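To keep things clear, I will list the structure first and then write my remarks on it.
Note that ligands are numbered from 1 as they come in the structure, with each ligand's atoms numbered from 1 the same way. Computed from a prediction, not measured in an experiment: that's the story for all the values here. Residue indices begin at 1 and follow the sequence shown.
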Amino acid sequence: MKKGKGGDTAPDGGRNPYKGGGKKKAALKASAPVQQDDPRLLVPGLVLVKDFISKEEEEQLIQARPETADSAVEEREWDLDLKRKVQQYGYRFEHNAQNLRGGYLGPLPDFAQQVTARLVSTGLMPYEPDQMIINHYTPGQGIHPHVDKTHCFEGVVGSLGLGSSCIMEFKHIETGRRVDVFFERRTALMLTGEARYGWTHGISAVVSDTWKGVQFKRKNRISLTWRKVILPPAKSDGEPRPQPTNDDSAHIDEQQATA
Ligand SMILES: O=C(O)CCC(=O)C(=O)O
Ligand SMILES: [Fe+2]
């Protein structure tokens with residue numbers, strides 16, 4: 001897999017096209033299956049791949065999460081600062097400061113290696129991700145509407161939902177138009193292009209979701225989110241020193257820093 005800056009290997013992999021220097025939009029991969037209502041049309045750049053992993057893989061990932069993992073998996077404390085439990089791998093994003101000054105925590109974990117590789121080999125992720133966040137939600141927990149920080153992360157962000165379905169709410173930043181998307185468990189949800197930069201996404205803090213008249217009770221839900229960080233050039237000692245510029249004022253979270 002060719003490494004490099006976003007945009008050189010895949011559709012919409014580049015920097016924020018809303019800030020100039022945008023890359024031309026390319027067609028979505030023909031092979032990517034899409035769920036009901038074709039959300040690509042409603043939220044351009046949104047890609048949903050149903051059954052991206054099998055039920056067995058889902059179970060393995062849930063069991064392998066670090067709090068229950070054997071010694072092969074790096075022990076990692078859950079970060080309880082937010083209203084949901086969070087763990088991070090790769091580069092650490094500081095939720096309070098909204099930057100990458102948390103430094104490098106090490107490679108992405110082995111237990112997620114297979115699914116990470118699949119994201120890349122299928123072309124969904126146009127580069128090797130070097131940051132992964134695990135969110136753990138109990139019923140009634142969610143995530144505020146936000147745009148994943150554009151000064152910290154490249155143009156494609158991928159999430160995989162485990163254990164529970166939910167509704168992800170998209171809101172167009174300029175028009176306020178809202179689109180709800182049923183985010184089924186085992187589905188890979190990719191934010192590219194306009195979906196990445198022009199819309200917020202969030203999950204309501206509710207105990208059940210109603211989709212097409214059917215009520216879905218929330219269960220414990222774990223999501224894995226892969227991103228590639230935007231790093232400044234390494235310092236002379238060879239240690240990468242994340243020093244993102246704070247050019248993201250147009251894309252702040254609606255309510256608080258969450259992503
Ligand atoms: O839980 C999810 O599916 C979404 C997580 C998310 O948006 C994020 O961590 O930025
Ligand atoms: Fe996000």
Side-chain angles (χ1 to χ4, degrees), residues 16 35 39 43 45-50 52-53 58 61-62 65 78-79 81-96 98-100 102 108 112 115 119 124-125 129-171 173 179-206 209 216 218-229 248 251-259:
N16 188 347
Q35 283 187 265
V43 183
L46 175 65
V47 179
L48 293 170
V49 183
K50 191 173 155 68
F52 185 69
I53 57 168
E58 179 189 36
L61 282 169
I62 290 172
R65 70 184 190 273
W78 287 101
D79 183 345
D81 287 352
L82 301 166
K83 287 185 180 162
R84 59 190 188 280
K85 293 199 291 183
V86 168
Q87 285 182 346
Q88 297 199 51
Y89 294 89
Y91 288 91
R92 181 177 168 80
F93 176 70
E94 293 290 349
H95 285 89
N96 291 333
Q98 298 284 285
N99 63 34
L100 291 165
L108 301 195
V115 66
L119 279 173
L124 287 170
M125 201 92 196
D130 53 14
Q131 207 257 358
M132 191 178 88
I133 185 164
I134 304 181
N135 288 295
H136 182 286
Y137 309 83
T138 56
Q141 292 182 329
I143 184 167
H144 289 294
H146 65 277
V147 172
D148 289 34
K149 290 299 163 198
T150 59
H151 63 281
C152 295
F153 305 112
E154 294 281 5
V156 176
V157 173
S159 288
L160 177 67
L162 309 173
S164 181
S165 303
C166 66
I167 287 178
M168 185 167 268
E169 297 167 11
F170 287 84
K171 196 164 152 194
I173 290 168
V179 172
D180 287 356
V181 170
F182 192 50
F183 189 176
E184 222 171 327
R185 57 198 286 183
R186 296 190 298 281
T187 291
L189 182 152
M190 309 301 299
L191 300 174
T192 77
E194 192 182 315
R196 162 82 173 97
Y197 293 115
W199 297 66
T200 62
H201 58 279
I203 298 170
S204 284
V206 295
D209 297 289
F216 292 85
R218 288 261 184 97
K219 302 180 199 144
N220 285 342
R221 177 173 181 274
I222 294 169
S223 67
L224 275 49
T225 296
W226 290 264
R227 304 186 276 210
K228 180 167 175 57
V229 301
D248 198 19
H251 292 118
I252 53 172
D253 297 345
E254 285 196 344
Q255 296 173 39
Q256 71 174 58
T258 53

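- Residues D209 and R218 are paired through a salt bridge, judged by an N-O separation under 4.0 Å between the basic side chain and the carboxylate.
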The test is side-chain contact (heavy atoms from CB on, under 4.5 Å); show your working for F182 and T187 and say whether it passes.
CA-CA 10 Å; F182 192 50; T187 291; over 6 Å; no

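- Looking at heavy atoms from C-beta onward, E184 lies out of side-chain contact with L48 at the 4.5 angstrom threshold.
- Below 4.0 Å from some heavy atom of F183 lie the following atoms of ligand 1, by number and element: 3 (O).
- With rounding to the nearest 0.5 Å, the separation of CG in L108 from OH in Y91 is 10.5 Å.
- Its N, O or S atom nearest to the Fe ion (ligand 2) is what matters here, and for H201 that atom is NE2.
- Those atoms of ligand 1 with a heavy atom of S223 less than 4.0 angstrom away are 1 (O), 2 (C), 3 (O).
- Classified by interplanar angle (parallel below 30°, tilted 30° to 60°, perpendicular above 60°), the ring pair W199/F170 is perpendicular.
- Looking at R196, its side chain does come within 3.5 Å of a backbone N or O of E154 through a donor-acceptor pair.
- No heavy atom of Q141 sits closer than 4.0 Å to any atom of ligand 1.
- Here is the list of ligand 1 atoms found below 4.0 Å of a heavy atom in M168: 3 (O), 4 (C).
- Under the 3.5 Å distance criterion, the side-chain polar atoms of H146 are matched with a main-chain donor or acceptor of H201.
- The nearest non-hydrogen atom to atom 7 (O) of ligand 1, considering only H136, H144, H201, R221, comes from H201.
- For ligand 1, the atoms closer than 4.0 angstrom to any heavy atom of D148 are 10 (O).
- Shortest distance from the Fe ion (ligand 2) to D148 is reached at OD1 (N/O/S atoms only).
- Contacts with ligand 1 closer than 4.0 Å are made by side-chain heavy atoms of R227 only, the backbone lying farther away.
- At a heavy-atom cutoff of 4.0 Å, ligand 1 is contacted by the side chain of I203 but not by its backbone.
- At a heavy-atom cutoff of 4.0 Å, ligand 1 is contacted by the side chain of I143 but not by its backbone.
- Close approach of ligand 1 to Y137 (heavy-atom distance below 4.0 Å) involves ligand atoms 1 (O), 2 (C), 4 (C), 5 (C).
- For the atom pair H144 NE2 and T200 OG1, the distance stands at 12.0 Å (nearest 0.5 Å).
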